[in-house]
Each structure stands twice: as structure tokens, then as C-alpha cells.
Amino acid sequence: MLEVSGTKPIYIQIADWIETEIIEGNLVADEKVYSQYQLAELFNINPATAGKGLTLLLEAEIVYQRRGLGTFVSPDGREKLLIKRKSETLRKLILELLDEAELLGVSNHHLLSMIEAERVGKEEGTK
């Protein structure tokens with residue numbers, strides 16, 4: 001959900017939330033997306049803020065508008081999001097992880113072992 005008191009602007013959080021809905025398959029290609037008024041009511045925010053989040057997705061061609069009908073998920077919206085999240089979000093997280101590991105003096109081998117242990121734990125449901 002949204003972090004109203006967080007540092008990330010709410011309209012970006014709205015766009016991120018819709019992106020996640022698309023990636024997880026809760027919204028599929030050519031399916032109608034929430035209107036700015038539905039989003040405003042759902043998250044108790046200003047409709048203009050919700051509209052700004054939708055505009056981000058329109059500009060990235062993740063969604064498209066059909067005049068008089070609303071906003072819909074682009075046929076290749078999910079694929080675009082997967083590429084974007086891998087190249088931007090994962091890369092950013094990896095760089096932050098590498099910086100923190102360097103700061104703490106964690107070797108590459110130890111870092112990879114820690115990642116593998118977390119992955120195994122997650123797959124086994126122990127973490």
C-alpha cells in the first residue's frame with residue numbers, strides 16, 4: 001500500500017502499485033485499469049494525484065487510453081515492466097548492496113553465499 005508519510009511521492013507510489021498489479025497478473029493486457037477517481041477513493045488521495053500516477057504509465061506506454069472508455073493495460077505492458085524493473089530496480093538494489101558490502105568489508109564470496117542462503121530459505125519457506 002501507500003506510504004503517505006514516506007519520501008517517495010504518492011503519484012509515483014500509485015504508478016508503482018499499478019505496475020506491480022500488472023507484473024503479478026492481477027491486471028492483464030487490454031484489461032481496464034482503475035480510473036483516477038477509483039484510485040483516489042481506494043487510497044484516499046486527491047484524484048489529481050492519482051491521475052498523475054496514471055500519466056506516468058501512459059508516458060511509458062505501459063497503459064493506453066481509449067477515448068470515452070478509460071485506460072487499459074498495453075498488450076506488451078507486462079513485458080516492458082519486466083525489462084524496466086530488471087534494468088532499473090534490480091540494478092539499483094545491486095549497486096546499493098555492493099556499496100554496503102564494501103562499506104562493511106564483506107567479500108564477494110561471502111556476499112554471494114549470503115544471497116544464496118536467503119534464496120534457499122525463501123524457497124523453503126523458512127525466511
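Please read all numbers here as calculations on a predicted model, not as lab measurements. Heavy atoms only: backbone and side chains are in, while hydrogens, waters and symmetry mates are out.
Summarising the geometry, atom CG belonging to L81 is positioned 10.0 Å from atom CD belonging to E88; distances are rounded to the nearest 0.5 Å. Rounded to the nearest 0.5 angstrom, K122 NZ and E124 CD are separated by 13.5 Å. Atom CZ of R85 sits about 9.5 Å away from atom CG of L90, to the nearest 0.5 Å. Once rounded to the nearest 0.5 Å, the distance linking CG of L54 with CD1 of I18 reads 4.5 Å. To the nearest 0.5 angstrom, M114 atom CE is 12.5 Å from H109 atom NE2. Considering CD1 of I10 and CZ of F43, their distance stands at 10.5 Å, rounded to 0.5 Å.
Looking at K86 and R91, their side chains never come closer than 4.5 Å, going by heavy atoms from C-beta outward. Residues F72 and E31 are not in side-chain contact: their nearest non-hydrogen atoms beyond the backbone lie 4.5 Å or more apart. Annotation: side chain of L112 is not in contact with side chain of E116 (no heavy-atom distance under 4.5 Å). By the 4.5 Å heavy-atom criterion applied to side chains, L111 and L98 are counted as neighbours. Within the 4.5 Å cutoff, no side-chain heavy atoms of T49 are placed close to those of L39. You'll find the side chain of T71 stays beyond 4.5 Å of the side chain of K32, heavy atoms only.
Atom CG of N26 sits in a crowded spot, with more than 12 heavy atoms from other residues, nucleotides or ligands closer than 6.0 Å. Residue K52 qualifies as open at atom NZ: its count of foreign heavy atoms under 6.0 Å is 12 or below. Atom CD of E102 has 12 or fewer heavy atoms from other residues, nucleotides or ligands within 6.0 Å. For E41, the CD atom is loosely surrounded, since the number of other residues' heavy atoms within 6.0 Å does not exceed 12.
Looking at every heavy atom in both residues, G77 comes nearest to I22 through C-CG2, 4.4 Å. Residue V73 comes nearest to L27 through the heavy atom pair CG2-CB, 3.9 Å, listed as atom of the first residue, atom of the second, then distance. Across I14 and G53, no two heavy atoms sit closer than the pair CG2-CA, 4.3 Å. Summarising the geometry of A40 relative to A50, their closest heavy-atom pair is N-CB, 4.1 Å, with the distance given to 0.1 Å.
Taken together through direct or relayed side-chain contacts under 4.5 Å among Ile, Leu, Val, Met, Phe, Trp and Tyr, L57 and L42 form part of one hydrophobic cluster. A chain of hydrophobic side-chain contacts below 4.5 Å, direct or via other Ile, Leu, Val, Met, Phe, Trp or Tyr residues, connects L82 to V33. No chain of hydrophobic side-chain contacts below 4.5 Å, direct or via other Ile, Leu, Val, Met, Phe, Trp or Tyr residues, connects I23 to I83. L56 and W17 fall into different hydrophobic clusters, where Ile, Leu, Val, Met, Phe, Trp and Tyr are joined by side-chain heavy atoms under 4.5 Å apart, directly or via other members.
Between the side chain of Q13 and the main chain of K8, a donor-acceptor pair closer than 3.5 Å is present. Side-chain atoms of Q38 come within 3.5 Å of backbone N or O of S35 as a donor-acceptor pair. When atom types are taken as modelled, the side chain of E96 and the backbone of L93 share no donor-acceptor pair closer than 3.5 angstrom. Under the 3.5 Å distance criterion, the side-chain polar atoms of K84 are left unmatched by any main-chain donor or acceptor of A60. At least one donor-acceptor pair closer than 3.5 Å links the side chain of Q36 to the backbone N or O of P47. Panel note: side chain S74, backbone E61; a donor-acceptor pair is recorded below 3.5 Å.
At a cut-off of 3.5 Å, with distance as the only test, no side-chain donor of Y11 or D16 sits close to an acceptor on the other residue.
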